[in-house]
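Throughout, protein chains are lettered first and strands after them, A, B, ... in sequence-line order, and every chain is numbered starting at 1.
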Number of protein chains: 2
Amino acid sequence: MALLGADVRLTPHRREVFEILASSTDHPTATDIFDRVKARSPGISLATVYNCLEHLTSAGLIKQVHLERGQSRYCANLHEHVHFHCETCGKVIDAHPAAEFDPSKFWNLPKGTKITRMDVAIHGTCEACSAR
Amino acid sequence: MALLGADVRLTPHRREVFEILASSTDHPTATDIFDRVKARSPGISLATVYNCLEHLTSAGLIKQVHLERGQSRYCANLHEHVHFHCETCGKVIDAHPAAEFDPSKFWNLPKGTKITRMDVAIHGTCEACSAR
DNA sequence: TGTAAGCTTAGAATCATTCCAATTCTAATT
DNA sequence: AATTAGAATTGGAATGATTCTAAGCTTACA
């Protein structure tokens, strides 16, 4: 499987980790994924999960997300999006673009700076928590 | 000292941590700050540095920044800005707004979502590294 | 089928941070 | 100035997340 230039050998474990992440919308952590993979592959080790996540990430099939300190989260949504993080319940949701967005229009970066990617984390209170 | 609603008792250690951060533009980590404070207060412990950073953060005098996994960085720039992170040399620089920016205009957040803050991290290659 | 390369494992090691219990300091009150 | 309660500070232990290591296992293909 090749994408964005890098290749990964899709071993059964890597495929499972990828499939589990692709069917999750909750931005699970490595241990969340470990727990879910164990249901299908009881013998898998946490080290393997970390290893799979690393290979999938560097192949560009998934993305690692850092919203706060503590565990990294992972995300298989490769469409352009940002993360909304509810500070009350901890939920993370993807928000997709409503309009064209070019960061260099909004912030003065020094001349010659090259942008490869941008991470936007919006923190606040989700709908459900706001209602309470 | 009070700002944004919270108070901190500005003990000598807290003042030093704050002053060191306020005069730094490199977004130092807790251990960077520890090393710098030791020059003035040789007896200070790392636990105290962490404690000072936590109090200053919750009083709103400084901000904690998470750009990657690993150590948190700290920033005393309270003006609206985003962080540019050079993936080659690791340098972090502040970029200030060139234009008015309202996140809710650019991304479709569910109705009822309340935004309290937004963290933007732009990753790429800085001017000096691009030139090489 | 032999073999090198890459995958997986359990457990150890590391790193960053937080916790803890003891001590010291501060500031307000006698 | 002494008393005292509440904070601040300390060193070290504990924790949590991740990475490393060394050994065994698989796979593709020569």
Item to check | Interatomic distance where CZ belongs to Phe34(A) and C1' belongs to dT18(D) [whole Å] | outcome: 14 Å

Checklist entry - Are Asp32(A) and Thr29(A) close enough that a side-chain donor and a side-chain acceptor fall under 3.5 Å? => result yes

Next on the checklist: Please tell me if Tyr50(B) has a side-chain N or O lying less than 4.0 Å from either OP1 or OP2 of dT17(C).
Outcome noted: yes

Checklist entry - Should Arg9(B) be listed as having a side-chain N or O under 4.0 Å from OP1 or OP2 of dT26(C)? => result no

Next on the checklist: Starting the side chain at C-beta, find the nucleotide from dG11(C), dT17(C), dT10(D) nearest to Ile44(B).
Outcome noted: dT10(D)

Checklist entry - Counting any heavy atom closer than 4.0 Å, what does Thr31(A) reach on the DNA or RNA strands: base, sugar-phosphate only, or nothing? => result nothing

Checklist entry - Rounded to whole angstroms, how far apart are NZ on Lys38(A) and P on dA10(C)? => result 11 Å

Item to check | Chi angles and distances behind the side chain to side chain contact (heavy atoms under 4.5 Å, CB included) call for Leu53(B), Gln64(B) | outcome: CA-CA 8 Å; Leu53(B) 289 169; Gln64(B) 202 178 26; over 6 Å; no

Checklist outcome for this item: Leu67(B) CG to dA16(C) P, in whole Å, measures 15 Å

Checklist entry - Taking CZ from Arg14(B) and P from dT10(D), how many angstroms apart are they, rounded to a whole number? => result 11 Å

Checklist entry - Within the pair His55(A) and dG6(C), is there a side-chain N or O less than 4.0 Å away from OP1 or OP2? => result no

Next on the checklist: In this structure, how many angstroms lie between the P atom of dC7(C) and the CG atom of Leu53(A), rounded?
Outcome noted: 15 Å

Checklist entry - Whole-Å distance between dA16(C) P and Arg73(B) CZ? => result 11 Å

Checklist entry - Phosphate oxygens OP1/OP2 of dA16(C): is one of them under 4.0 Å from a side-chain N or O of Arg69(A)? => result no

Item to check | Side-chain donor-acceptor pair present, His83(B), Asp119(B), cut-off under 3.5 Å | outcome: no

Next on the checklist: Expressed as a whole number of angstroms, how long is the span from Asp35(A):CG to dA17(D):P?
Outcome noted: 12 Å

Checklist outcome for this item: Between CG of Asn51(B) and C1' of dG11(D) the distance, given in whole Å, is 14 Å

Checklist entry - Closest nucleotide of DNA chain D for Leu46(B) versus for Ser72(A): which of these residues is on the 5' side? => result Leu46(B)

Checklist entry - Nearest to the side chain of Cys52(A), which nucleotide is it out of dT8(C), dT17(C), dT9(D)? => result dT8(C)

Item to check | Test item: side-chain donor near acceptor, His96(A) and Asn77(A), under 3.5 Å | outcome: yes

Item to check | Sugar-phosphate only, base, or nothing, as touched by Thr29(A) at under 4.0 Å among non-hydrogen atoms | outcome: nothing

Next on the checklist: For a quick check of understanding: with a heavy-atom distance under 4.0 Å over all strands, which category does Thr48(A) fall into, base, sugar-phosphate or nothing?
Outcome noted: base

Checklist outcome for this item: From the candidates dT17(C), dA10(C), dG12(D), the one with an atom nearest any side-chain atom of Ala47(B) is dG12(D)

Checklist entry - Can a salt bridge be assigned to the pair Arg117(A) and Glu87(B) using a cut-off of 4.0 Å between side-chain N and carboxylate O? => result yes

Checklist entry - If you check every side-chain atom of His13(B), which of dT10(D), dT9(C), dT17(C) has the closest atom? => result dT10(D)

